[in-house]
Amino acid sequence: MSNEDNVELTDGFHVLMDTLKMNDIDTMYGVVGIPITNLARLWEQDGQKFYSFRHEQHAGYAASIAGYIQGDKPGVCLTVSAPGFLNGLTALAHATTNCFPMILMSGSSEREIVDLMQGDYEEMDQMNIARPHCKASFRINSIKDIPIGIARAIRTAVSGRPGGVYVDLPARLFGQTLSVEEAKQLIFKPVDVTPAQIPAADAIARAAEVIKNAKRPVVMLGKGAAMAKADAEVKAFIEQTGIPFLPMGMAKGLMPDTHPQSAAATRAFALAQCDVCILVGARLNWLMQHGKGKTWGNELKKFVQIDIQANEIDSNQPIAAPVVGDVKSCLSLLTEALKGAPKAPAEWTGALKEKVDTNKGKLATKMAAPVAPTGMNYSNSLGVLKEFMLKNPSINLVNEGANALDNTRMIVDMLEPRRRLDSGTWGVMGIGMGYCVAAATVTGDPVIAVEGDSAFGFSGMELETICRYNLPVTVIIMNNGGIYKGNEEDPGNGLVSCTRLIRGRYDQMMEAFGGKGYLVNTPEELKAALEEAVASKKPCLINAMIDPDAGVESGRIKSLNIVSKVGKK
Ligand SMILES: Cc1ncc(Cn2c(C)c(CCOP(=O)(O)OP(=O)(O)O)sc2=O)c(N)n1
Ligand SMILES: [Mg+2]
């Protein structure tokens with residue numbers, strides 16, 4: 001395109017696309033509509049990937065977990081203005097809470113109309129609405145600012161503690177033009193967006209001293225260590241020190257769950273009895289009972305905390321040895337400082353090993369239990385998946401629900417890092433199908449999703465998306481016919497229990513979109529279906545009928561559900 005001076009021109013669409021490509025971004029997840037449909041069309045015509053979803057929240061979850069898996073590059077979600085932006089905002093907040101690097105880009109109304117509240121099409125002050133829910137919120141008003149605006153968004157999303165960034169794109173920006181020459185001068189790739197952040201020498205010395213004097217140390221591995229891809233550094237530290245480790249949900253597989261130093265099978269005993277806990281990219285939040293109470297033996301432990309965010313230190317408990325920096329740098333230096341130090345005391349590691357072996361024996365008995373007439377339970381069904389994943393470790397495992405989440409996390413061992421992708425810090429329901437699309441498209445590996453039947457309901461329509469892109473995804477519905485359980489009595493007066501669901505034929509839902517559905521009632525049927533489904537590399541859904549009475553209310557966080565003191569009035 002050129003103007004009367006015969007100068008070759010480009011426009012906002014192409015400067016944005018060229019800037020994203022310059023930063024190795026070749027994929028967007030989203031839902032098209034005014035004013036971004038033609039951006040998505042041009043993006044695909046340029047040979048880039050656009051995964052078109054049925055709801056922006058799931059496109060956003062896909063972008064959030066794509067960022068987590070990639071680590072040094074954010075996932076990108078593109079939405080229309082106002083309602084589309086708001087649908088994506090939950091996922092942006094989820095990314096920020098979980099420290100996943102993600103960019104939400106939404107088309108928007110023009111400032112002058114929004115600021116005078118003159119009633120534009122889908123009018124909303126999106127940049128300011130997003131700001132409290134993400135690391136940063138930018139608006140790009142001029143075509144010349146696109147390169148620096150995207151560079152800022154990428155660096156903010158991936159550097160330091162990663163998180164979500166919002167980029168507001170007023171519709172008129174796309175129609176602005178600029179000479180191709182000038183655009184070439186402006187477009188750049190930011191240098192070193194995830195710089196090493198080296199901890200202070202005295203912090204390393206202090207932490208090494210605390211660890212050397214520990215009688216009953218334990219390491220807690222968080223998803224921050226998994227996302228940092230500190231696989232080698234974690235292995236070296238754990239094996240040189242001999243210290244037992246506990247992985248948080250998404251850190252499973254960073255060290256194989258079958259490793260002899262894993263204390264996961266006796267987490268409660270390890271946390272209550274330890275005297276020093278070394279937090280590696282893990283926060284002392286609600287998932288760890290804030291580092292206090294009976295979980296921790298009702299006594300203050302000595303904490304060593306490795307975290308890239310300085311103000312995470314002392315968030316819940318005093319930290320005896322804070323080590324602020326990136327996980328790789330911190331662990332390498334700490335391992336060096338501990339060279340030659342005695343390993344963790346055999347008395348402690350032996351006591352843990354004994355407990356681990358006992359608890360694993362109990363679980364094995366539960367997994368081998370015969371199926372009751374009322375259906376499989378979580379143990380004898382997930383025992384099948386446990387065996388399958390041990391034989392096929394390079395499969396992405398997506399997981400959400402309550403009992404479906406807690407039991408899968410406890411029963412199914414992970415052998416590889418960044419393969420277990422779950423509800424994360426918020427315990428949000430609805431991440432399932434979006435995560436499946438991203439895990440399959442980012443890694444190219446098969447995906448298995450273990451879904452509570454209620455959790456699946458939040459994103460179930462994206463089965464059509466999964467079928468449209470013919471992705472190697474096997475969804476297992478743990479169908480107990482309810483939220484937590486499926487047998488709660490109806491309250492009478494023709495009302496239906498608030499926790500009950502239809503124990504439906506989700507397998508037929510998958511068949512409706514051309515995928516393969518299986519209905520299974522026994523572990524044997526589940527095993528056969530799982531093997532066939534994953535081998536097919538096609539979209540499949542296994543509807544696993546689970547005893548409605550098998551679960552417990554709210555999994556292991558029942559205490560968070562306040563119960564009325566006055567009962568029914
Ligand atoms: C967005 C959202 N809504 C509601 C909830 C509350 N919730 C809900 C609705 C869950 C579903 C539990 O039922 P399920 O069928 O998925 O799993 P199980 O029946 O196997 O426990 S777990 C849970 O915390 C949530 N965490 N997130
Ligand atoms: Mg359920």
Side-chain angles (χ1 to χ4, degrees), residues 55-61 64-65 86-98 133 249-250 285-287 374-385 397-412 421-436 448-463 475-488 496-507 509 520 526 541-563:
H55 190 292
E56 292 88 350
Q57 188 173 102
H58 311 305
Y61 286 137
S64 73
I65 208 68
L86 284 177
N87 285 344
L89 191 57
T90 307
L92 186 71
H94 168 75
T96 305
T97 305
N98 281 278
H133 307 290
M250 284 178 62
N285 56 19
W286 74 279
L287 286 164
T374 44
M376 292 185 280
N377 60 36
Y378 289 95
S379 302
N380 55 31
S381 56
L382 291 168
V384 170
L385 182 59
L397 181 65
V398 172
N399 186 208
E400 60 177 341
N403 296 289
L405 178 78
D406 290 347
N407 285 287
T408 304
R409 181 178 51 236
M410 187 249 303
I411 292 171
V412 181
L421 310 168
D422 66 26
S423 301
T425 306
W426 256 354
V428 69
M429 295 299 113
I431 50 93
M433 298 307 105
Y435 275 23
C436 286
I448 294 173
V450 179
E451 296 279 308
D453 50 336
S454 164
F456 172 70
F458 288 76
S459 67
M461 192 61 216
E462 303 296 344
L463 284 186
V475 180
I476 302 175
I477 307 285
M478 305 299 278
N479 193 348
N480 65 348
I483 298 179
Y484 315 130
K485 295 166 86 89
N487 59 357
E488 187 166 296
V496 176
S497 156
C498 59
T499 62
R500 208 152 54 70
L501 303 170
I502 294 174
R503 233 166 144 221
R505 291 297 304 271
Y506 299 100
D507 48 304
M509 200 174 150
V520 301
L526 174 55
L541 185 144
I542 301 172
N543 190 1
M545 303 312 277
I546 301 292
D547 178 354
D549 193 36
V552 292
E553 169 101 3
S554 289
R556 62 186 175 89
I557 53 175
K558 182 176 178 119
S559 58
L560 298 182
N561 239 341
I562 308 302
V563 178

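As the structure is a computational prediction, the values presented were derived from the model and not from experiment. We count ligands from 1, going down the list as the structure has it; atoms in each ligand are counted the same way.
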Testing Asn98, Asn285, Thr97 one by one against Thr425 for a side-chain hydrogen bond (donor to acceptor under 3.5 Å, both in side chains), which residue passes?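 Among Asn98, Asn285, Thr97, the one meeting side-chain hydrogen bond (donor to acceptor under 3.5 Å, both in side chains) with Thr425 is Asn98.
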Do [X] and ligand 1 have an N or O pair less than 3.5 Å apart?
X: Leu501; value: no
X: Ile483; value: no
X: Gly401; value: no
X: Glu400; value: no

Judged on heavy-atom distance to atom 21 (O) of ligand 1, which of Asn403, Thr499, Val428 sits nearest?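 Answer by nearest heavy atom: Asn403.
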Subset of ligand 1 atoms that lie under 4.0 Å from at least one heavy atom of Ala402: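 Near Ala402, the atoms of ligand 1 are 12 (C), 17 (O), 18 (P), 21 (O), 22 (S).
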First locate atom [atom1] of [X], then atom [atom2] of [Y], and finally report the distance between them rounded to the nearest 0.5 Å.
X: Glu400; Y: Leu405; atom1: CD; atom2: CG; answer: 8.5 Å
X: Phe458; Y: Met433; atom1: CZ; atom2: CE; answer: 12.5 Å
X: Asp547; Y: Tyr378; atom1: CG; atom2: OH; answer: 9.0 Å

Measure up the Trp426 and His94 rings against each other and bin them: parallel (under 30°), tilted (30 to 60°), perpendicular (over 60°).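 Ring orientation, 0 to 90° scale: tilted.
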To the nearest 10 degrees, how large is the angle at the Mg ion (ligand 2) between Gly482 O and Asp453 OD1?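 Rounding to the nearest 10 degrees gives 100°.
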Got [X] and [Y] here, is their nearest side-chain heavy-atom distance under 4.5 Å?
X: Ile65; Y: Ile431; value: no
X: Thr408; Y: Leu397; value: yes
X: Met478; Y: Val450; value: yes

Would you say [X] touches ligand 1, if touching means a heavy atom closer than 4.0 Å?
X: Gly427; answer: yes
X: Trp426; answer: no
X: Gly482; answer: yes

Applying a 4.0 Å heavy-atom criterion (strictly less than), which segment of [X] is in contact with ligand 1: side chain, backbone, both, or neither?
X: Met478; answer: neither
X: Tyr378; answer: side chain
X: Phe458; answer: side chain

Answer yes or no as to whether an N/O/S atom of Asn480 is found below 2.8 Å from the Mg ion (ligand 2).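 Coordinating: yes.
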Residues Thr96, His133; criterion side chain to side chain contact (heavy atoms under 4.5 Å, CB included); working and verdict: CA-CA 7 Å; Thr96 305; His133 307 290; over 6 Å; no
